[in-house]
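First comes the structure, then the notes that go with it.
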Number of protein chains: 2
Amino acid sequence: MGDNIIYHTIAEQIIDSILNKEFKTKLPTEAQLMELYGVSRNTIRRAIDVVFQRGLLKRVQGSGYFINDISREGKLVVNLSMGAGNPIRVKDSKLESKILSFDLITADKQLSKESKIPLGTKLYKIVRLRYLQGDLYCLETAYYVKSVVPYIPKEVGQRSIFNFVKETYDINVTNSENYMSVTSLDRQQAKHLNKSIGSQELTLTQYNYCKNNVLFNYSYSMYVYPNINFYFNSTRSTES
Amino acid sequence: MGDNIIYHTIAEQIIDSILNKEFKTKLPTEAQLMELYGVSRNTIRRAIDVVFQRGLLKRVQGSGYFINDISREGKLVVNLSMGAGNPIRVKDSKLESKILSFDLITADKQLSKESKIPLGTKLYKIVRLRYLQGDLYCLETAYYVKSVVPYIPKEVGQRSIFNFVKETYDINVTNSENYMSVTSLDRQQAKHLNKSIGSQELTLTQYNYCKNNVLFNYSYSMYVYPNINFYFNSTRSTES
DNA sequence: ATTGATTTGTTCGTATGTATC
DNA sequence: GGATACATACGAACAAATCAA
């Protein structure tokens with residue numbers, strides 16, 4: 001089940017400490033963290049790298065690691081660097097779903113072209129409306145590769161499919177490719193979202209890979225939650 | 001000027017090799033790269049990490065590093081993991097600008113609240129329309145912190161301000177915070193972009209930091225280029 | 001189907017450089 | 001200037017996944 005890779009588990013513990021406000025403005029120093037977790041400096045730095053890549057830290061040489069505040073005045077911020085399955089990592093945030101369709105399909109030419117999933121691949125196709133704290137959040141169309149995820153019971157569609165896949169098949173997301181765009185609603189989409197036809201909505205298209213870059217999920221979601229913001233962090237060294 | 005940090009320069013060379021199609025589907029093995037650049041395995045792996053974080057690779061244990069194709073059928077893909085200053089890293093892509101306003105201002109309460117830039121900070125405020133290959137690309141409103149970037153000549157607004165800042169003050173972007181959202185155009189914005197008032201447009205808000213996390217740029221840009229997609233890559237270890 | 005070689009992943013140790021306080 | 005704290009780079013060993021014989 002779990003993960004016995006040290007730096008991963010330390011990273012998760014540091015993240016939890018940040019979210020639980022045990023670490024408030026600054027992380028302990030590397031030396032203190034080495035002491036705390038009983039590992040080498042390299043391992044601590046690997047763990048901190050992970051936390052940093054989640055967009056939770058600023059690092060200042062000679063000074064320390066400072067905890068990032070990514071909130072925006074009056075806006076819902078979804079941290080995409082944090083994980084697609086549960087991007088909103090707040091204790092009391094409740095995400096509910098209403099299934100609109102649930103099918104086992106075979107990738108046709110159209111889908112294959114738009115998604116690059118090989119023609120003929122067997123997929124679960126699940127369309128659902130999602131609600132955050134009772135408010136309409138997004139319209140999601142998700143495909144799961146059957147050869148990786150052999151079976152999804154329909155009831156699971158009402159809660160987190162990622163959690164089900166994790167608990168049942170021990171499949172974790174290790175890598176995601178994300179595309180943000182705006183798309184126009186067609187008649188049916190508009191109806192489901194209580195919007196007018198042609199309305200431009202923020203759309204996130206995702207490819208989720210599990211261990212060793214095996215694709216297990218492809219999805220696109222149209223977000224209608226008011227003032228929603230997708231956050232992510234990027235780093236660069238130098239440019240050519 | 002330049003950067004004598006080995007793994008950064010190796011990373012840049014690998015990226016160039018990928019973009020120039022010298023490496024086509026796969027990177028050489030770590031052992032070969034160690035040989036090629038005459039450095040230790042750790043350093044090669046650090047360099048590869050950088051390339052990976054740019055969203056250019058898939059890594060498969062026991063097999064190798066595979067080059068990612070992030071293109072999408074009939075769509076312009078901007079790789080945000082790659083660098084905000086020049087996200088479109090193609091030789092013949094030409095980005096031109098038309099300055100709408102250019103001012104030296106002081107952060108007021110409103111700006112300070114929305115951007116978290118301290119009240120009273122002296123800033124260059126530059127509003128411009130940007131054109132990609134002659135086609136309207138975005139409406140950008142950018143603020144540069146004067147204490148970090150002492151002077152920007154107005155003419156520079158027509159080309160890359162990031163390049164100017166880099167060449168003149170040796171300031172590089174090392175970290176960016178990005179927020180994607182949709183915003184409604186006000187009357188003036190609509191006029192500049194040839195859209196109707198209230199039209200919903202894809203908006204990227206960015207905070208760009210230079211060495212040791214000093215903020216030097218804050219901006220928001222509304223993108224109207226048809227079918228534009230913003231790509232970025234995210235990785236996870238395990239989830240709680 | 002097993003083995004063995006190849007290739008990437010994790011973890012340790014150590015030394016030195018550089019920015020901040 | 002000195003102490004603290006993060007950054008870079010080397011070397012080494014073993015683990016785990018893949019691939020080919």
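This is a predicted model, so every value here is computed, not measured. Letters A, B, ... mirror the listed sequences (proteins, then strands); counts begin at 1.
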Parallel, tilted or perpendicular: which describes the rings of Phe230(B) and Tyr223(B), with under 30° parallel and over 60° perpendicular?
perpendicular
Taking heavy atoms of chain A and a 4.0 Å limit, find me the 5'-most and 3'-most nucleotide of DNA chain D within that range.
dA5(D) to dT18(D)
Who are the side-chain hydrogen bond (donor to acceptor under 3.5 Å, both in side chains) partners of Thr168(A), not counting sequence neighbours?
none
Whether Arg59(A) engages the ring of Phe66(A) as a cation-pi pair (distance to the six-membered ring centre under 6.0 angstrom, angle to the ring normal within 45°) should be assessed.
no
Which residues in residues 32-49 of chain B have a heavy atom closer than 4.0 Å to any atom of DNA chain D?
Val39(B), Ser40(B), Arg41(B), Asn42(B), Thr43(B), Arg46(B)
Val60(A) vs Ile6(A), nearer the 5' end of DNA chain C by closest nucleotide
Ile6(A)
Taking 5' to 3' order, which nucleotide of DNA chain C is first and which is last to have an atom within less than 4.0 Å of a heavy atom in chain B?
dT7(C) to dT20(C)
Which residues share a side-chain hydrogen bond (donor to acceptor under 3.5 Å, both in side chains) with Tyr231(B), sequence neighbours left out:
Asn233(B)
Measure from NZ or CZ of Lys26(B) to the centre of the six-membered ring of Tyr65(B), then state whether that distance is under 6.0 Å and the direction lies within 45° of the axis.
no
Start with the C-alpha distance between Tyr218(B) and Tyr144(B), add both sets of side-chain angles, then the distance that settles ring-ring contact (aromatic ring centres under 6.0 Å, His included), and finish with yes or no.
CA-CA 7 Å; Tyr218(B) 162 74; Tyr144(B) 292 85; over 10 Å; no
Ring geometry between Tyr124(A) and Tyr151(A) (parallel below 30°, tilted from 30 to 60°, perpendicular above 60°):
perpendicular
Taking C-beta and beyond as the side chain, do Val214(A) and Tyr209(A) meet within less than 4.5 Å on heavy atoms?
no
Of Asn212(A) and Ile5(B), the one whose closest DNA chain D nucleotide lies more 5'
Ile5(B)
Would Arg159(A) pass as a cation-pi partner of Phe164(A), given that its NZ or CZ must be under 6.0 Å from the six-membered ring centre and within 45 degrees of the axis?
no
By side chain to side chain contact (heavy atoms under 4.5 Å, CB included), which residues pair with Glu73(B), not counting sequence neighbours?
Lys113(A)
